[in-house]
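Report on the structure given below.
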Amino acid sequence: MTAADDRTPTEADVCVVGAGPAGAVTAYSLARRGHDVVVLEAGERLTPADHHRRMEMWLRPNFERDSFWRDDERDRYTTTGDVDARLNETRVKAVGGTSLHWDANTPRLHEEDFEMNTRYGVAQDWPISYADLRPYYVRAEREMGVAGADDNPHGPPRKEPYPLTAFEPSYSDSLFAEACEELGITMASQPKAINSEEYDDRSECVGYGVCNACPSGAKYSAEVHVQKAEAAGARIVDQVQALSVEHDRAGDYVESVVYATPNGRHFRQEADHFVIACGGIETPRVLLLSDSDVYPDGLANSSGAVGRYLMDHPSVTTTGTLEEPTRQSNIGWVSSRSDQFYAHEETGSGSYHLTFSNTAKSTSGGAQSRSPPTSPSRLLDIVSNPTSDTVAELATDPLNEMQLGDALDLPTTSGPPYPLSIRGAGEMLPRPDNRVTLDKSKTDNHGRPVPSIDLSDGAHVQETMEHCLSVQKSILTELGAEITEVETLSGRRMSTHHMGTTRMGTDPAETVVNEECRTHDLANLWIASSSVFTTAGANNPTLTIAALALKTADHIDEKL
Amino acid sequence: MTENQPGSDDGVPSRRQFLTALGGTAFAAAGYGYGTEPSGSVAVDSVTGSSAHPASGEHIEALTAIATAVYPSAVSITPSFIESRVFGRVEPEPGHFDKLVTAIEAVDDHAKARFGGRITDISAGRRRQVLQSMGVTTVHPTADGTTAEQVRFYLVGDLLYVLFTSPMGGKLLGVDNPPGHPGGREAYKQGPEGGEP
Ligand SMILES: Cc1cc2nc3c(=O)[nH]c(=O)nc-3n(C[C@H](O)[C@H](O)[C@H](O)COP(=O)(O)OP(=O)(O)OC[C@H]3O[C@@H](n4cnc5c(N)ncnc54)[C@H](O)[C@@H]3O)c2cc1C
Ligand code: SF4
């Protein structure tokens, strides 16, 4: 048995559950200071070659993008709200967590995001301010290797330079820039944890253009901090699911995390401190699953807030075409954004930011992705109950016919009209009924209730995103584009950012963790996740997750 | 409630064969990165860690011949393009290349039996007819399906994948550096005339 196969518990000062950015950064930050750290991760480890496979799976319509990590039984969930949770498209369970799929856009939150109640009379203030988090943002940008430029007049204040220079704007950015200038809208570079030059022993971006499955390692993933944590002595145990968190008789301290190994054995990992870093959905689920006599509604849930106040970032996109080339899909990432409409004063409603497309052309499709001859459910019927008729129908469906040679069906055309698009992602306010609960009627591979996600947009989201759509339209109109598609909120699905479900605050009756991200209820239980966000802002969460993780690690270090 | 149950160690599921495939393969990755895949034939060595693949020279030639029937005539390809792009990439799933070779042989056998010659010996138009008469153009690509479905999945699918992730295929799409090709960071900045905006 190699060390990596040994999944039995070991002595530890700190047990971290989850090896995404939150868990990996916490583990590294503590391990490098000499503490014994064990990380329990439900998913598997990937090899470098796996990342090349993932690229093909991402690009090739007939492969499943998520098959590299998903376990259908383990990852069951229920979705009940207006917004379809599509949970398994918005997360990854593997060493590195969801950062294996992320786009690596790393803006900071804005100052006002921490003071929504004081400034605008909505939601609640965070117990910490932008100024409190600012030094940790600087550290997080260095840890993740953020490329950017201090060129955003509507961005949050910053003094220290980004560790890497910003990527240069794309050609299409220059088209957008003309229109935006006419309309008085300022664009800025998009900060991102992708190497614009070699950094931290990782290659510079070489332009594969498949950033959700970047095979070069130019894009930061939490595997970086997993490796660093291991080099500093931490132990990463993969393929183990934390089943419950157990406390002492009085309910003051956590004593252990109970976990299951792939062969069904259960173990108990003890430690002095415990950090739950399972993402915005599984973190509250683990707490809810850990109910006890002292905490009948779930561990650390005397406030009743665990699972509540779920927020995502609703988005809308307007696509148009021009008669002149827009040079799309020559790179995989967004290079420009605008925070002009981040302040509520600008919109009269909520915050949003805009990003300008570099990838509006799809190069995977055409003859590569012939639609299945019948609907997926019909297909399942046929497969499970084949008759000669249905099989013949499957085999000869004329809709599935492809042409060869010069008539080959291409994924996109080379000539005019040329596409481009603007996306806007906005703020959702915390509402108690948007929540993660346990669906006791459905169980996972260990017979435990699955997470049930109930998410709906309120009037604030509607107003905010309507404003956003009107701005998108005016920019494209100014550009002279013909608008071809408008993706509104109607029928929208949950975004990839899951926040608010173990919210931070000073009042133990209303919130789950304090300003140090330690649970109010248990003295040695900490949470590293966007689940602690009191409000969500309109910016991507992961840099803030990493900054908070570094801060939390400092607090844990003080206690050890 | 947490007894340390004796578990059967042989019961460890290998849910993703995908990952176990190259478990022990040497892979040139520097530091915290994954290592980059140079385009072209070098990829055979640097990414798979081995230039061993199950295709013979005849298979490569047959696949090149089939590619001339599948691709538009504007695309001119060589056996070395096919070898480096198709068999030089990281095998997407264990056994994929073996199935591809089987698919190539199935097409060649069909050509010999029904069209009077090896696939390499007949015209591009006749090659298209070979694929059509096998039913390849009217079935859904299915990895574990019928012969025609497997030819569509492994052979036609692979040919299209490597085409549209190469600059040659990118030309058909009006994309100089198509996704999947590590073509650097110049193309996205260039205007339509190739210069800086
Ligand atoms: C397509 C896509 C694009 C994205 N783009 C961006 C972006 O541009 N910018 C940005 O900021 N964010 C982006 N995100 C979101 C970003 O990936 C997440 O915010 C980030 O990964 C969260 O980090 P985390 O460590 O909190 O959780 P995760 O990364 O989700 O990691 C949680 C880990 O915990 C493990 N786990 C869960 N339950 C258990 C258990 N019971 N026992 C053991 N382990 C468990 C999981 O297996 C997982 O590995 C994107 C996400 C997706 C899907
Ligand atoms: S464009 Fe850069 S970051 Fe994106 S996949 Fe390619 S190398 Fe990775």
Side-chain angles (χ1 to χ4, degrees), chain A residues 44 46-53 55-56 59-60 62 68 71 168 170-171 174 200-203 205-210 215-217 224 227 258 262-268 324-325 329-332 358 361 363 367-368 370 372-373 395-396 400-402 404-406 408 410-412 414, chain B residues 2-5 7-9 11-13 15-16 18-19 22-23 25 27 29-37 47 69-73 90 92 124 128 131 135 137-141 153 157 160-161 164-165 172-180 182-185 187-192 197:
Chain A
E44 293 172 52
L46 274 71
T47 67
D50 289 331
H51 292 284
H52 283 266
R53 296 198 182 87
M55 174 176 74
E56 182 159 345
L59 286 173
R60 216 169 140 163
N62 293 316
F68 77 92
D71 176 327
E168 288 174 64
S170 64
Y171 171 71
S174 70
D200 203 17
D201 254 354
R202 289 181 289 121
S203 130
C205 169
V206 292
Y208 271 106
V210 198
S216 79
V224 168
Q227 287 181 44
V258 177
N263 57 22
R265 297 175 73 175
H266 289 193
F267 292 105
R268 195 188 288 275
E324 57 169 306
S329 303
N330 282 298
I331 200 74
N358 285 336
K361 240 183 195 195
T363 60
Q368 292 176 93
R370 305 309 298 173
T396 59
N400 210 30
E401 174 123 25
M402 80 173 283
L404 299 172
D406 286 336
L408 185 70
L410 304 178
T412 180
S414 64
Chain B
T2 23
E3 69 286 14
N4 285 354
Q5 301 157 346
S8 65
D9 281 295
V12 178
R15 178 169 54 76
R16 289 176 299 113
F18 168 82
L19 282 190
L22 287 195
T25 303
F27 188 90
Y32 299 113
Y34 308 142
T36 51
E37 177 191 27
V47 176
V70 171
Y71 293 166
S73 50
V90 173
R128 280 192 274 278
L131 293 173
T137 53
T138 54
V139 291
H140 186 63
F153 183 90
L160 295 176
Y161 173 71
F164 294 128
T165 53
L172 299 170
L173 313 178
V175 179
D176 293 336
N177 178 38
R185 306 199 309 266
Y188 85 98
K189 291 184 284 189
Q190 281 162 6

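Sequence lines set the chain letters: A, B, ... in the order given, protein chains first and strands last, and positions in each chain run from 1.
Residue A/I331 touches chain B through both its backbone and its side chain, counting heavy-atom pairs closer than 4.5 Å.
Nearest heavy-atom pair, B/P179 versus A/G209, reported as atom, atom and distance to 0.1 Å: CB-O, 3.8 Å. Here the shortest heavy-atom pairing between A/H52 and B/V90 reads CB-CG2, 3.6 Å. Contact record, A/T363 with B/F164: O-CB, 4.0 Å, taken as the closest heavy-atom pair. Considering all non-hydrogen atoms of both residues, B/L172 and A/L410 come closest at O-CD1, 3.8 Å. Taking every heavy atom of both residues into account, B/P72 and A/L408 meet most closely at CD-CD2, 3.7 Å. In plain terms, the two heavy atoms of B/K189 and A/Y171 that are nearest each other are O-CB, 3.7 Å.
Applying the side-chain contact (heavy atoms from CB on, under 4.5 Å) criterion to B/A69, with sequence neighbours excluded, gives B/R127, B/R128.
Put simply, the side chain of A/S414 does not reach to within 4.5 Å of the side chain of B/L173, judged on heavy atoms.
The backbone N or O of A/G207 sits less than 3.5 Å from a side-chain atom of B/N177, completing a donor-acceptor pair. Looking only at distances, a side-chain donor or acceptor of B/Y188 sits under 3.5 Å from a matching main-chain atom of A/E168.
With respect to chain B, the highest number of heavy-atom pairs below 4.5 Å among A/G332, A/P325, A/P411 belongs to A/P411.
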